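Before any comments, here is the structure.
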Amino acid sequence: MKVVWLLNNTSVGVFGIILSAAYCDILWTQPKRRIFAVSLVVLLLFQGICCFFVNPAMIQKIYPVITHFPLAILLCILSRRRFWPVVSVLTAYLCCQIRRWLALLFSFVLSGDLLAQNITELVLTLPLLLLLLRLIAPSMRSISHSTGAVQFQFGLMPMLYYGFDYLTRIYTDLLLEDALVVLEFMPFVCCMSYLVYVLYSSEAERARSQLEQTKTSLNIQIAQAVREIEILRESQKKASAYRHDLRHHMQFLSSCIAGDRLEQAQAYIREICSETEAGKVTVFCENEAANLILSSFAGRAEEHGISIRIRAAFPRIISVSESDLCVLLSNALENALHACQRQKKEGRTAEIDVLAYEKNHKLFLQIVNSCDRDITFSRGIPVADRPGHGIGVRSICAVVERYGGMYTFSVADHRFILRISM
């Protein structure tokens, strides 16, 4: 019986020491491996000596001094960290309770014999150690690189359990005296830990959602920038073509004047002027970025035979950054243009009406487009019926929310209405 007990104590010592080291993110060089191996042997030998000269109850009381404290110091030296090695040791101690509880359950089902419990603990040691090393240790090591606050959150439960176990079971008999305050302590800790975890997870999810919105907004801005670059490139090509053809234009006009064909020369000049006017940016307001975007979409609407009316009164400098203005106007007009293109294909009226101005440092934007389709809304936001769509709407919402503004999406009289105020 004593041999089994001694083997079981040795196995739990090896279990806890190896697991504590695995939970620390240590760069295992050859010297460090030797130091750890020698320390492991020394700790186990010291425990063995204590088992022969000190009674088991006293060993349990001094176990933190002869094992946990030296192990934490050793891991602090090897990992060059102060706090996380302590968390690793306490977490490994907490994991030892899995082994103990399973053995208690097994012995209770069979006979309740203490020998059966020790043998079961001994048998479970290696499989449980390998399982924890494979599944839990990598996650523990990754947490060690988090902030001190995060490390404390994950170390709080092992700390509380360690103190509770020693104060109520080893140093005193409070747990055996059925004191309600003691019996209800760990359920209280579990409840509070769960609530803290819920709050932490909620904040993490909110942060992840904001990052996703920011990422989507940046992707939209990049796409719009690429589109504007293509427009500028096309304008450059047209300018190059005009410069190339200028000599031919001059020669033709010279021949017309020499042949006294003034009317033909004037008609030719008017034709060239109309082509040139078609390629220039229309001035809707004082803001250059708004003019570029509005002109681009106005040209695309006219190409598709879509009637567009634009009333804009943005000053040269507005309260919204150019990139955010680009996201708002481009996505809103893109969605309106696509909706009207579907209207044209179905032989229905296709119109877009844009109203944009700034007053008292507040930007107002209203875009109304023809829409005869049924649109599904979720919490006041239109839901896309095709995969990959709806990104523009989310980008608009993200920008408006970032400025603390308001947005509304609605449908009335076969018209889709977007209103933004921020």
Side-chain angles (χ1 to χ4, degrees), residues 220-239 241-242 270-318 320-359 363-372 389 391-393 395-396 399-400 407 409 414-422:
I220 294 297
Q221 293 178 30
I222 291 171
Q224 181 61 28
V226 171
R227 191 181 297 121
E228 295 298 334
I229 289 172
E230 289 297 326
I231 293 172
L232 291 174
R233 185 178 289 116
E234 189 65 30
S235 299
Q236 182 66 26
K237 288 181 180 178
K238 289 181 179 179
Y242 287 143
R270 286 194 294 271
E271 181 182 350
I272 294 174
C273 289
S274 63
E275 290 179 1
T276 305
E277 285 291 323
K280 78 172 186 178
V281 174
T282 305
V283 177
F284 295 100
C285 60
E286 296 178 9
N287 188 273
E288 184 180 1
N291 287 331
L292 284 170
I293 298 167
L294 292 172
S295 295
S296 173
F297 280 95
R300 291 172 60 184
E302 291 176 3
E303 288 177 5
H304 292 89
I306 298 170
S307 174
I308 184 168
R309 181 188 182 196
I310 298 175
R311 292 166 292 165
F314 284 145
R316 186 174 63 85
I317 299 175
I318 59 176
V320 179
S321 68
E322 286 190 355
S323 59
D324 290 331
L325 179 65
C326 177
V327 171
L328 291 176
L329 287 176
S330 298
N331 284 293
L333 289 170
E334 189 81 46
N335 292 340
L337 191 60
H338 287 165
C340 287
Q341 286 175 349
R342 289 195 297 267
Q343 292 283 108
K344 289 289 291 184
K345 289 181 180 179
E346 296 170 1
R348 298 173 179 171
T349 303
E351 297 176 344
I352 300 175
D353 185 81
V354 180
L355 175 62
Y357 62 86
E358 186 181 69
K359 185 176 181 181
L363 181 145
F364 179 80
L365 174 64
Q366 175 180 284
I367 297 180
V368 181
N369 60 270
S370 304
C371 179
D372 288 328
H389 292 259
I391 296 176
V393 171
S395 297
I396 292 171
V399 171
V400 176
Y407 54 80
F409 301 88
H414 304 290
R415 297 183 306 165
F416 183 86
I417 304 169
L418 165 63
R419 290 191 178 98
I420 294 172
S421 176
M422 65 182 192

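Predicted model only: the values in this text are computed from it and were never measured. Numbering starts at 1 and runs along the sequence shown.
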Handout entry: Neighbour count above 12 (heavy atom, 6.0 Å) for E322 CD
Key = no
Please name the pair of heavy atoms, one in [X] and one in [Y], separated by the smallest distance, quoted to 0.1 Å.
| X | Y | answer |
| --- | --- | --- |
| I293 | S330 | CG2-OG, 3.9 Å |
| A312 | L294 | CB-CD1, 3.9 Å |
| P315 | E358 | CG-OE1, 3.4 Å |
| V327 | S395 | CG1-CB, 4.0 Å |
| L325 | V320 | N-CG1, 3.8 Å |

Sequence neighbours excluded, which residues qualify as side-chain hydrogen bond (donor to acceptor under 3.5 Å, both in side chains) partners of [X]?
| X | answer |
| --- | --- |
| E302 | none |
| R311 | D353 |
| R348 | E346 |

Side chain to side chain contact (heavy atoms under 4.5 Å, CB included) involving [X] - partner list, sequence neighbours excluded:
| X | result |
| --- | --- |
| S421 | F364 |
| A350 | I306, C340, Q343, K344 |
| S321 | S323, D324, Y403 |

Roughly how far apart are [X] [atom1] and [Y] [atom2], rounded to 0.5 Å?
| X | Y | atom1 | atom2 | value |
| --- | --- | --- | --- | --- |
| N369 | S307 | CG | OG | 12.0 Å |
| M422 | L363 | CE | CG | 5.0 Å |
| I308 | R300 | CD1 | CZ | 10.5 Å |
| L329 | L292 | CG | CG | 11.0 Å |
| H414 | S370 | NE2 | OG | 10.5 Å |
| H338 | H304 | NE2 | NE2 | 8.5 Å |

Problem - Audit row: F297, I310, side-chain contact (heavy atoms from CB on, under 4.5 Å) steps and yes/no - result: CA-CA 10 Å; F297 280 95; I310 298 175; over 6 Å; no
Exercise for the section: Mind running side-chain contact (heavy atoms from CB on, under 4.5 Å) on V393 and L418 for me, showing each step along the way? Expected result: CA-CA 10 Å; V393 171; L418 165 63; over 6 Å; no
Problem - For F416, all residues meeting ring pair (Phe, Tyr, Trp, His ring centres under 6.0 Å), sequence neighbours excluded - result: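 Testing F416 for ring pair (Phe, Tyr, Trp, His ring centres under 6.0 Å), a comparison that skips the adjacent residues, returns none.
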Handout entry: Side chain proximity check, V400 to L328, heavy atoms < 4.5 angstrom
Key = yes
Practice task
Check whether any side-chain heavy atom of L365 sits under 4.5 Å from a side-chain heavy atom of I367, and report yes or no.
Solution key: yes
Exercise for the section: Quick one: list whatever passes salt bridge (Lys or Arg N to Asp or Glu O under 4.0 Å) with R419, sequence neighbours left out. Expected result: none
Handout entry: side-chain contact (heavy atoms from CB on, under 4.5 Å) between I352 and R309, intermediate numbers included
Key = CA-CA 6 Å; I352 300 175; R309 181 188 182 196; over 6 Å; no
Practice task
Look at the side chain of N291 and the backbone N and O of F284, then say whether any donor-acceptor pair between them is shorter than 3.5 Å.
Solution key: yes
